[in-house]
Every structure is written in C-alpha cells, then in structure tokens.
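Here's the structure we're looking at; comments come further down.
Worth knowing before you read on, the calculation uses all heavy atoms, side chains too, and leaves out hydrogens, waters and symmetry mates.
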Amino acid sequence: MDPRNGFPQLVQTVLDCTNARELAEFYRQLLGLQYRPGDEPADNDEADWLVLRDGDGTNHLAFQQVAKLPRATWPEGPIPQQLHLDLTVPTKHDLDAQHERALTLGATLLQDRSDHPQEPIRVYADPAGHPFCIFVSAYKREVTT
C-alpha cells in the first residue's frame, strides 16, 4: 500500500496477448513509450512479459504472453471487450492524424463516430484484438487559481 494515503497504487495495465513483442511494439510506436531496461528487442526478443514506460520511467502498459486468447467480438458477438484503453487527442485534426498512424501500425477500425459534434471518437482493435478508443474529449478541466 502507498504509505502516503493508505491506498494501493496502480502500477500498470497488463494486456494478455499471444505475441507479447508484437503487441508491445504496436503500443510503443502508437503512444511514444519506451521499453523498460532489459525489455528491448535486442536484449530480450523471446520475452513473455514486457513493460512500456514513459520518458520519466513511469510504467504504463505491460504485455503478458498467453497460449490462447479469444478475440473480442465487440460491438457484436459473444465475446465482450472486457477492458479497453481510452486515448485522447486535443483536436479533430489530431484525431484524423492518429487514425492514419493507428491503421499503419496494424490497428483495425471497429467504429467511426469521428463526425460526432461534441466528442469525435474512433474505436479500434489492436493487433491482438483488444479494443481501444481515440477521441477528442468534450471534457474540459476548469482551471482554478
């Protein structure tokens, strides 16, 4: 537990996948993250557990290799998404630019509501089938002084 507030700390989100390196590499490029020391491909190409961090060394995502994983069939079908990542960008222009990047990196478009007037959004599946969203957030933080 975090001694500062008495609550456990979230370390990272872990995604199961049948190819940890492939999925880690997808998210590394999509989100601009970097491998934890020792997890780089040259150091550990056959890894079944990989961690991605930001430039400050904070863990964000981990990838755990499993033998089998049914692909989510969301938005229709018998297998729900179970977990998804929400990613936000500041403008519709950024949403469109990230759309092209996501597809080039291997994402599959599942739903396109990029024309929504208040919160443009696109939902994708990553190469392992996990859904994730990229959207322009309608939520604006109020700055108080």
Side-chain angles (χ1 to χ4, degrees), residues 1-5 7-141:
M1 298 222 317
D2 183 350
R4 293 171 289 161
N5 61 18
F7 294 99
Q9 261 186 301
L10 178 64
V11 174
Q12 61 211 359
T13 300
V14 181
L15 298 172
D16 285 354
C17 49
T18 58
N19 187 328
R21 178 63 65 198
E22 177 185 69
L23 195 59
E25 191 58 21
F26 171 81
Y27 280 107
R28 184 190 69 77
Q29 292 182 49
L30 182 70
L31 300 175
L33 298 173
Q34 53 195 275
Y35 288 106
R36 171 182 66 177
D39 284 353
E40 294 89 352
D43 296 334
N44 199 354
D45 200 31
E46 298 297 318
D48 59 1
W49 178 268
L50 298 167
V51 176
L52 292 179
R53 298 175 163 178
D54 63 22
D56 294 331
T58 301
N59 291 4
H60 286 274
L61 293 173
F63 306 89
Q64 176 174 269
Q65 185 120 355
V66 296
K68 288 177 27 177
L69 183 71
R71 290 181 71 93
T73 55
W74 186 93
E76 298 176 14
I79 303 171
Q81 60 181 317
Q82 300 173 20
L83 174 138
H84 72 272
L85 301 175
D86 279 347
L87 310 174
T88 188
V89 293
T91 68
K92 172 71 166 66
H93 175 76
D94 295 318
L95 179 67
D96 293 338
Q98 294 306 318
H99 172 69
E100 294 305 321
R101 284 190 67 245
L103 295 177
T104 298
L105 292 170
T108 302
L109 181 65
L110 298 177
Q111 189 175 69
D112 188 342
R113 293 190 351 199
S114 58
D115 59 352
H116 191 278
Q118 294 175 325
E119 194 168 65
I121 184 172
R122 288 188 178 103
V123 182
Y124 304 87
D126 68 23
H130 304 104
F132 68 95
C133 304
I134 303 178
F135 61 97
V136 180
S137 179
Y139 171 74
K140 302 288 183 199
R141 287 188 178 181

message: Is the shortest side-chain heavy-atom distance between H116 and I121 below 4.5 Å?
response: no
- prompt: Of all heavy-atom pairs between P127 and G106, which one has the smallest distance, and what is that distance?
  reply: CG-O, 4.0 Å
- request: Check A47 against R21 and note the closest heavy-atom contact, atom names and distance.
  value: CB-NH2, 4.4 Å
- prompt: Does some side-chain heavy atom of L95 sit less than 4.5 Å from a side-chain heavy atom of I134?
  reply: yes
- request: For the pair D96 and R122, find out whether any cationic side-chain nitrogen is under 4.0 Å from an anionic carboxylate oxygen.
  value: yes
message: Assess, by modelled atom type and distance only, whether the side chains of T58 and D56 contain a donor and an acceptor separated by less than 3.5 Å.
response: no
- request: Check whether any side-chain heavy atom of V123 lies under 4.5 Å from a side-chain heavy atom of H84, and answer yes or no.
  value: no
- line: On a heavy-atom basis, the closest approach of A20 and Q65 is N-OE1, 3.0 Å
- prompt: Is the closest side-chain heavy-atom distance between L15 and C17 below 4.5 Å?
  reply: no
message: Could you report the tightest heavy-atom contact between A128 and D126, atom names first, then the distance?
response: N-OD1, 2.8 Å
task: Over 60° means perpendicular and under 30° means parallel, so classify the ring planes of Y124 and H99, tilted if in between.
output: tilted
message: Could you report the tightest heavy-atom contact between F132 and L87, atom names first, then the distance?
response: CD1-CD1, 3.8 Å
Minimal non-hydrogen separation, P41 against Y35, with atom names: CD-CE1, 3.7 Å
Side-chain donor or acceptor of N59 paired with backbone N/O of V11 under 3.5 Å: no
task: Using modelled atom types only, decide if a donor and an acceptor are shared between the side chain of H130 and the backbone of D16 within a distance under 3.5 Å.
output: yes
message: I want to check something: taking the side chain as every heavy atom from C-beta on, are R101 and L30 in contact at a cut-off of under 4.5 Å?
response: yes
- prompt: Does the side chain of Q111 reach to within under 4.5 Å of the side chain of W74, using non-hydrogen atoms?
  reply: yes
task: State, with a plain yes or no, whether a side-chain heavy atom of L23 is found less than 4.5 Å away from one of L61.
output: no
